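Everything numeric in this text was worked out from a predicted model, so none of it was measured. We use all heavy atoms of the structure for the numbers below, so side chains are in, but hydrogens, waters and symmetry mates are not.
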Amino acid sequence: MTAKQRSPALPERTDIAIVGAGLTGLCTALFLARLPPAWNILLLDTEASAGGEESWADVSSRQRQIALSESSRNFFEQIGLWSDIADRSAAIAEIRVSDRGHVGHALLAAREQDLDSYGHVIDAASLVEVLSPAVNRAPNIHHFATDPALQLVPKADGMALRAGDQQIMAALVVLANGHNSPQARNLGIGFETKDYGRTALTATLILAESHRGIAHERFTDEGPIALLPLPDNGGQCQASLVWTMAPDKAEALMGVSDDECLAQLHDEFGNRAGKFEAIGHRHLTPLARTVAREQTRSHLALMGSTAHSLHPVAGQGFNLSLRDIAALAGVLVEGAERGEAPGTLSLLSRYEQARRIDQQRVISFSDLLPSLFTSHNPLVVTGRNLGLLGIDLVPELGGSFARFGTGLMSGKRLRSKGL
């Protein structure tokens, strides 16, 4: 292992070791570092070898956007970083949902739900630019690069992390290094995987006119098209595109010119956001859902896409992970007040149980929505369009749908003891 940040050598023992320095790892470290009893936290960068959770250098090198829900805004407010994030993001003031070739549509306005917004959209690289200096400033977070072949060995009093001839003992190990985490698989943790048979083409669009804070969700026969507002760049109005389609069509679109790609997008999406002037940073991602059969063991917790990697249509994966982090923190603080170490199995089991309903609800919703809107069954088509019309016409339906998307179903802010 080699030092990534300040310390010249790895410690022999630590309270909490986080494997994976992607966005989930950074957020977990920052949230836990602010809590009593001021645990010593080791953040280990596995250099994106496991896939899914990049190191912060990798996040910065590739264009990617993240939609932060209102519950995530609460999360970042608690660690004092929201104002910096807000300055680099675009607010979602409205959500417009439509079904290509059918009459159903819905318009949801944040102001009608007594919300400042439905969320904010930010480049992953911009989010890293806020998070990584905060990690470097935290006196109890120590950040290192580590061998991707790092081994975890369960012990009676903790979890041993071994790389080469070095070993670290941790009271708790948090695995946050992607849905293909070799450490999780080496421990015999199984995963349930569903291949959606679709590929997402992501890109950044330059718009001819202002997006006015409007997000679009357009459902087509092949899959949804999401268009999310981004901050202006050099006077140009930008939007983030997530376009779901069959894999062969996605591959073909990667080989055409920008003008041809935009022409096909316009044919599917229409004029709802005005003219698309340019497209950049095209990238393909095969779509699948992967959920760990175990999220906790003694001295071990799985976080982020290591625990659950979801369909992007609802934009809920990262937001769900932040709610997981806040809940884990609350349980660990309560345990510390009773003198329990952070890796105690009873504590971790209590966390997993507390998160079960929210996770199942979001996973089910992320599964249902794309299949519902790609169905050609006449009864399903009629039902979904009546549902969209109902959301548009009945304020209570729109409010419930919107609060689910923002992660505020309970109407309460996420709070952890000690903050």
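A donor-acceptor pair shorter than 3.5 Å can be found between the side chains of Gln353 and Arg356. With 3.5 Å as the limit, one finds a donor-acceptor pair spanning the side chains of Ser71 and Ser69. With 3.5 Å as the limit, one finds no donor-acceptor pair spanning the side chains of Glu12 and Gln166. For the residue pair Gln151 and Arg162, no side-chain donor N or O sits within less than 3.5 Å of a side-chain acceptor on the partner. Looking only at atom types and distance, the side chain of His308 has a donor-acceptor partner in the side chain of Asp324 under 3.5 Å away. One side chain, Arg218 or Ser98, offers a donor N or O that lies under 3.5 Å from an acceptor on the other. With 3.5 Å as the limit, one finds a donor-acceptor pair spanning the side chains of Ser117 and Glu70.
A side chain to side chain contact (heavy atoms under 4.5 Å, CB included) with Leu32 is found for one member of Leu172, Leu332, Ile141 and no other, namely Leu332. Here the rule is side chain to side chain contact (heavy atoms under 4.5 Å, CB included) with Leu43, and of Thr28, Leu26, Val19, Leu30 only Leu26 fits it.
Ring pair Phe276/Phe269 is tilted by interplanar angle, where 30° to 60° counts as tilted.
In this structure, Thr14 contributes its side chain and Asn40 its backbone to a donor-acceptor pair below 3.5 Å. No donor-acceptor pair closer than 3.5 Å links the side chain of Thr46 to the backbone N or O of Pro148. Judged purely by atom type and a 3.5 angstrom limit, His120 has no side-chain atom pairing as donor or acceptor with the backbone of Leu68. In this structure, Thr344 contributes its side chain and Leu347 its backbone to no donor-acceptor pair below 3.5 Å. Formation of a donor-acceptor pair under 3.5 Å by the Asn140 side chain with backbone atoms of Ala33 is found in this model.
Every residue two or more places apart in sequence or in another chain that forms a side-chain hydrogen bond (donor to acceptor under 3.5 Å, both in side chains) with Thr296 is listed here: Glu352.
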